[in-house]
Amino acid sequence: MRLPALIDPHVHVREPGQTHKEDWDTATQAALAGGVTTILAMPNTKPPIFDAATLDLALGAAKAKARCDYAQFLGAGPSNADWDRHQALLPQAAGLKMYLDSTFGELRLDDMTLWQQHFQTWPRNLPIVAHSESRSMAAVILLAAIYDRPVHIAHVSLKEEILLIRAAKERGLRVTCEVTPHHLFLTRDDIVPSPLHPSAIGIGEEGEGRFSVRPRIASREDVEALWANLEVIDCFATDHAPHTLAEKDGENPPPGFPGLETLLPLMLTAIDEKRLTINQLIEKSVTNPRKIFSLPEQPETWIEIDENARWEIRAADLRSKCGWTPFEGWQVKGRVTRVVLRGREAFKDGKVLVEPGYGQNVRQK
Ligand code: NCD
Ligand code: ZN
């Protein structure tokens, strides 16, 4: 079956600075293998991407190494809330990412006067994405209403959050949101010590081990609320956040899961189980992200899937550098067989066929 190629609006590429976890080459190979031809890269790299010089650094690496199309977010920091002085730079970015809650890296913003300054100076017609959980989500939706602009909420995971967004939308507020596959397919109750998940000890508590992720994996009730409110979810986004297995199983496991290569098989399995429709998948992984982030159509671009292929997810078969997946051993139905990107066969039968540098910056004029 032929489908439109997917867009993933939330990917941690790790370059510059942490290329032992991932880089522009491996992240975009993982994307293509997952049926994704456009990724939007997050700014919590080392250094974080927060001005012209750091944006150049990320885009330089991307230009040389990316195999699929991309754009790079700028991060909201304590010293760059004067975007009105850098007008020319802003349309070159995917959008502005604001970290308002606990995260990996240095970009967390606690001072609410800074939130206001970013909202004041970032142009209304360019995207703002907020990592804001629970009550800070309510706060950021209020800010968007005050400044009369849209806001996109990253990785919604809780019942109270999806109900808040539902209510905000019903009131006519311009809020959109994304949900990750891990928050749709894993619950806190599933993840108990087991031979399959040896390092997961009581997720959501101290010592989450390998299953540490932000936002945390939620309760069964939360996960059910996400599925019950599918129409409120604008986008699927992987929040592909690779950390090596050694780091994940070490002393202080950094939060984050890889996800680019497992999104589509998990969704195709859900479609097979009649929990999701193909149209919902296309809406949330193609149409809506294209509209929300103003992404161009890619001509002569599509993916082909074998919706009947049954297989087992194994980290050993994945292209991400991180060497593990929270879905190890899962039986899925549906596989990407071929990806055509701008007229070229980019992936076929397990092999990536385009070279580093084939990917284009979708924000370049
Ligand atoms: C992300 C990472 O590792 O960069 N981790 C995560 O658990 N999602 C950071 C983030 O998205 O907050
Ligand atoms: Zn993230």
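All ligand and atom numbering here is 1-based and tracks the order in the structure.
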**Considering all heavy atoms, the nearest Pro242-His12 contact** =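 Minimum heavy-atom separation between Pro242 and His12: CD-O, 3.4 Å.
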Going by distance alone, is a donor N or O of one side chain under 3.5 Å from an acceptor N or O of the other, for [X] and [Y]?
| X | Y | answer |
| --- | --- | --- |
| Thr45 | Gln18 | no |
| Thr37 | Gln298 | yes |
| Thr287 | Glu283 | no |

**Prompt:** Quick one: which of Ile39, Thr19, Asp25 gives a side chain to side chain contact (heavy atoms under 4.5 Å, CB included) with Val13?
**Reply:**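 Checked Ile39, Thr19, Asp25 against Val13; only one passes side chain to side chain contact (heavy atoms under 4.5 Å, CB included): Ile39.
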**Asked** Is the shortest distance from a Lys or Arg side-chain nitrogen in Asp101 or Arg214 to a carboxylate oxygen in the other one below 4.0 Å?
**Response**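 No, this pair does not count.
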**Prompt:** Within 45 degrees of the axis of the six-membered ring of Phe119 and under 6.0 Å from its centre: does Arg124 put its NZ or CZ there?
**Reply:**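 Verdict for Phe119: no cation-pi partner in Arg124.
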**Item:** Metal environment of the Zn ion (ligand 2), protein N/O/S under 2.8 Å
**Value:**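 You should have found His10 NE2, His12 NE2, Asp239 OD1.
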**Request:** Determine, considering heavy atoms only, which of Lys97, His12, Arg214, Arg14 sits nearest to atom 11 (O) of ligand 1.
**Result:**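 Looking at heavy atoms only, the winner is His12.
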**Item:** salt bridge (Lys or Arg N to Asp or Glu O under 4.0 Å) contacts in which one or both residues fall within residues 303-312, not counting sequence neighbours
**Value:**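 Applying salt bridge (Lys or Arg N to Asp or Glu O under 4.0 Å) to every pair that reaches into residues 303-312, excluding sequence neighbours, yields Glu304-Arg338.
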Should you measure from each heavy atom of [X], which atoms of ligand 1 turn up under 4.0 Å away?
| X | value |
| --- | --- |
| Asp239 | 8 (N), 11 (O) |
| Ala241 | 1 (C), 2 (C), 3 (O), 5 (N) |
| Val213 | 7 (O) |
| Gly256 | 5 (N), 6 (C), 7 (O) |
| His131 | 12 (O) |
| Asn44 | 2 (C), 4 (O), 9 (C) |

**Request:** Check whether any heavy atom of Met42 sits under 4.0 Å from an atom of ligand 1.
**Result:**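 No heavy atom of Met42 comes that close to ligand 1.
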**Request:** Would you please indicate if the ring centroids of His240 and His10 are separated by under 6.0 Å?
**Result:**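 No, ring centres 6.0 Å or more apart.
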**Item:** Ring center gap for Tyr147 and Trp115 short of 6.0 angstrom
**Value:**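 No; Trp115 has its ring centre 6.0 Å or more from that of Tyr147.
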